[in-house]
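The chain is numbered in sequence order, starting from 1. When a ligand or atom number is given, it counts from 1 through the structure's own listing order.
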Amino acid sequence: MLCLLIAGMMAGLLLAQGVGGDLFLPDPLVMADGSKVGTVADWEARRRPEVLELFREHVYGRAAVGRPADLRFEVVERSELAMSGRATYKRVLIRFGGPGGEGRIELLVFIPNQVAGPAPGFLLICNRDKSNIDPTRQTRSPFWPAEKMIERGYVAATFHYADLDPDVDDQFKNGVHGLFDPKESPRAGDAWGSIAAWAWGASRAMDYFETDADIDEHRIGVVGHSRGGKTALWCGAEDERFALVVSNDSGCTGAALARRKHGETIKKINTGFPYWFCGNYKNYNDREEQLPVDQHQLIALMAPRAVYVASASEDDWADPEGEFLSCVYAEPVYRLMGLTGLGTDQMPRPESPIHKGRIGYHLRTGKHNLTEYDWGCFMDFADRCLAEKRP
Ligand code: GTR
């Protein structure tokens, strides 16, 4: 064991001890060339960009475009009398064009009327049926309890992910891939997949928030469930404007450590959903140890910002323990910054949220789902983390 440990440390690996046995994980504070990251300046100038590039190159792919030059916003509906006068509703069309044509995102926004000045809030990347985000509020789904957010002084904003890219294997013909991708064949191994496309959409919503005086763009949390949770994490890694990143039951290639190979594995997800990731990710089917990153490093890319991971007790496919351990092993980066991350390595019991530092976690009793209980925890955590105004 000692020899293994020494060999592992020499290869820039960290011995992760936790639920379900020991693992060697890439050390978030060791550069690919083996040099140690000893200061915040080192992290920011060298290691963070390196890790982000590794995730682009090997996992989610590189976006073909950033903010399009012709991006524009149209508020096509507005009412100050939404939710019995408690909220102002805005329906915003975010429009853009590329070589392959025109695209648009329909952003739905409710702003709490009782908040004087710009309000903090949550942006949900909706990956369920649109009835879950009904702007008329005739249908109210626990998946997006907008009234509860308004009550607690938060903006409730959302868009449907299919506005960016359909969730089917269409060989990247439709959505923003069709608009912006270079017409090259074969497609580059590091070209963006659907998750990166959906994350790109959340960044365009942030572009809008920056223009709306009723919204405090410095205090926005991006939230997603399951494939939407993977998307929220990737969005938070790529776009540091989000002050809080929330992953609900994101599992494989979300918050869960790949090297645990518990529940859904890289091979399984690449087989079921090959278009979610870049082509290069297929190289790691059954080869988790060769992947130059693991998902705790994705969590660490949020530092010093706040990040929240939620799991469900009956969601073995998403590996709750693996999601928890990612939070534990992201901690060294927060510590380097003089901050508390999760602040514990003890997996909590259900319904016992950990809200000690900048990384929050809870385990909810029940199945794979996004519920009002989860949202309640996100808001409790945000009450602490988004309370102070960021510059
Ligand atoms: C599953 C998939 C998971 C998760 C889930 C969802 O079928 O294997 O990775 O993303 O879908 O998005 O509901």
Which word best sums up how the rings of W234 and Y60 line up, parallel for under 30°, tilted for 30 to 60°, or perpendicular for over 60°? parallel
We want to know whether Y284 and H58 form a side-chain donor-acceptor pair, criterion being a heavy-atom distance below 3.5 angstrom. yes
How would you list, by chain and number, the residues with a heavy atom under 4.0 angstrom from ligand 1? S226, R227, K230, E264, I269, F273, W276, W317, H368
Centroid-centroid distance, F159 to W198, less than 6.0 Å: no
Quiz item: cation-pi between R187 and F172, 6.0 Å / 45°: yes
Verify ring-ring contact (aromatic ring centres under 6.0 Å, His included) between Y308 and F378, making sure each step is shown before the conclusion. CA-CA 7 Å; Y308 199 98; F378 306 157; 5.4 Å; yes
D207 and R241 ion-paired at < 4.0 Å: yes
